[in-house]
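So the structure is just underneath, and the comments pick up after that.
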Amino acid sequence: GDGPLAAATHKLRVLFVGRPEERKGLPVLLSAFEALVEHVPAHLTVIGADADDVRRYLGDQETLSRIDALGHVRAPELWRNLAEADVLCAPSLAPRVREQTSVRFVLDVTGALSVISIVGPEADTVLRALKRLYNLGIYPEWWKLEPMTGAQWQAVDALIEERDPH
């Protein structure tokens with residue numbers, strides 16, 4: 001097949017995007033990646049954390065040689081890495097996810113952005129997140145939104161009609 005592990009020479013390209021905080025799951029991901037590379041040819045790109053952050057959680061030099069820690073990057077580099085990744089890994093150890101704003105991106109098999117999921121605690125979280133994403137030039141095929149009141153849905157409908165009428 002054409003899947004990420006189809007060719008023995010192909011390395012599975014894993015991408016992590018997030019701050020180097022324990023609650024964002026970077027230490028868990030690095031531990032899992034260390035175990036993964038014992039069995040699967042793989043490469044990890046970390047965006048949002050630099051090499052020192054990665055070394056703080058992982059000391060194995062061989063595994064470190066399979067990781068690119070890019071730190072903070074601009075949007076074009078982020079999108080390029082998202083398009084090139086086979087897997088976007090986003091572990092989270094946050095105990096109360098419903099009390100935090102969460103934005104998840106889902107890419108289809110071609111690498112095109114197909115779904116954006118937004119969850120947040122405040123009544124205007126979804127509308128603010130949608131505006132911010134549109135301002136960044138992000139237009140997915142679908143929005144996956146949490147339940148809202150009638151007035152909130154009307155505001156979201158109006159925004160989508162204004163910014164993405166097609």
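Predicted model, so just to flag it, every value in this text is computed and none were measured. Atom set for the values below is all heavy atoms of this structure, side chains included, hydrogens, waters and symmetry mates excluded.
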Note to self: Within the structure provided, determine whether Val14 and Asp86 are in side-chain contact (heavy-atom separation under 4.5 Å).
What the structure shows: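 A side-chain contact under 4.5 Å is absent here.
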Margin query: So Leu12 and Leu36, do their side chains get closer than 4.5 Å, heavy atoms only?
Written below: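 The answer is yes, as the side chains (C-beta and beyond) meet within the 4.5 Å cut-off.
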Note to self: I'd like to know if the side chain of Ser65 and the backbone of Glu62 have a donor-acceptor N/O pair within less than 3.5 Å.
What the structure shows: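 Here the side-chain-to-backbone pair exists.
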Check: Just by modelled atom types, is the Thr149 backbone N or O under 3.5 Å from a matching donor or acceptor in the Gln152 side chain?
Finding: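 Confirmed, Gln152 side chain pairs with Thr149 backbone.
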Check: Of all heavy-atom pairs between Pro20 and Tyr57, which one has the smallest distance, and what is that distance?
Finding: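 Result for this residue pair: O-OH, 3.7 Å.
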Checklist line | Residue pair Ala51 / Ala69: nearest heavy atoms and the distance that separates them | finding: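 Smallest interatomic distance, heavy atoms only, reads N-CB, 3.5 Å.
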Next item on the list: Assess whether side-chain contact (heavy atoms from CB on, under 4.5 Å) is satisfied between Val17 and Asn81, documenting all intermediate values.
Entry: CA-CA 10 Å; Val17 179; Asn81 277 281; over 6 Å; no
Next item on the list: Test Ile67 against Leu58 for side-chain contact (heavy atoms from CB on, under 4.5 Å), laying out the working first.
Entry: CA-CA 11 Å; Ile67 299 172; Leu58 183 67; 3.6 Å; yes
Next item on the list: Could you please spell out the steps behind the side-chain contact (heavy atoms from CB on, under 4.5 Å) verdict for Leu15 and Leu82?
Entry: CA-CA 7 Å; Leu15 176 64; Leu82 283 165; 3.6 Å; yes
Note to self: One thing to verify: whether Arg74 and Glu77 come together as a salt bridge, which I'm taking to mean a side-chain N less than 4.0 angstrom from a carboxylate O.
What the structure shows: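 So Glu77 does not pair with Arg74 through a salt bridge.
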Check: Got a sec, which pairs hit salt bridge (charged side-chain N to carboxylate O under 4.0 Å, His left out) with one end in residues 28-50, sequence neighbours left out?
Finding: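 Pairs touching residues 28-50 that pass the test: none.
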For residues 39-47, dump all side-chain donor-acceptor pairs below 3.5 Å to protein atoms at least two apart in sequence or in another chain.
| from | atom 1 | to | atom 2 | distance (Å) |
| --- | --- | --- | --- | --- |
| His43 | ND1 | Arg66 | O | 3.0 |
| His43 | NE2 | Asp68 | OD2 | 2.9 |

Note to self: What's the separation between atom CD in Glu162 and atom CD1 in Ile160, rounded to the nearest 0.5 Å?
What the structure shows: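 So the gap between those two atoms works out to 11.0 Å.
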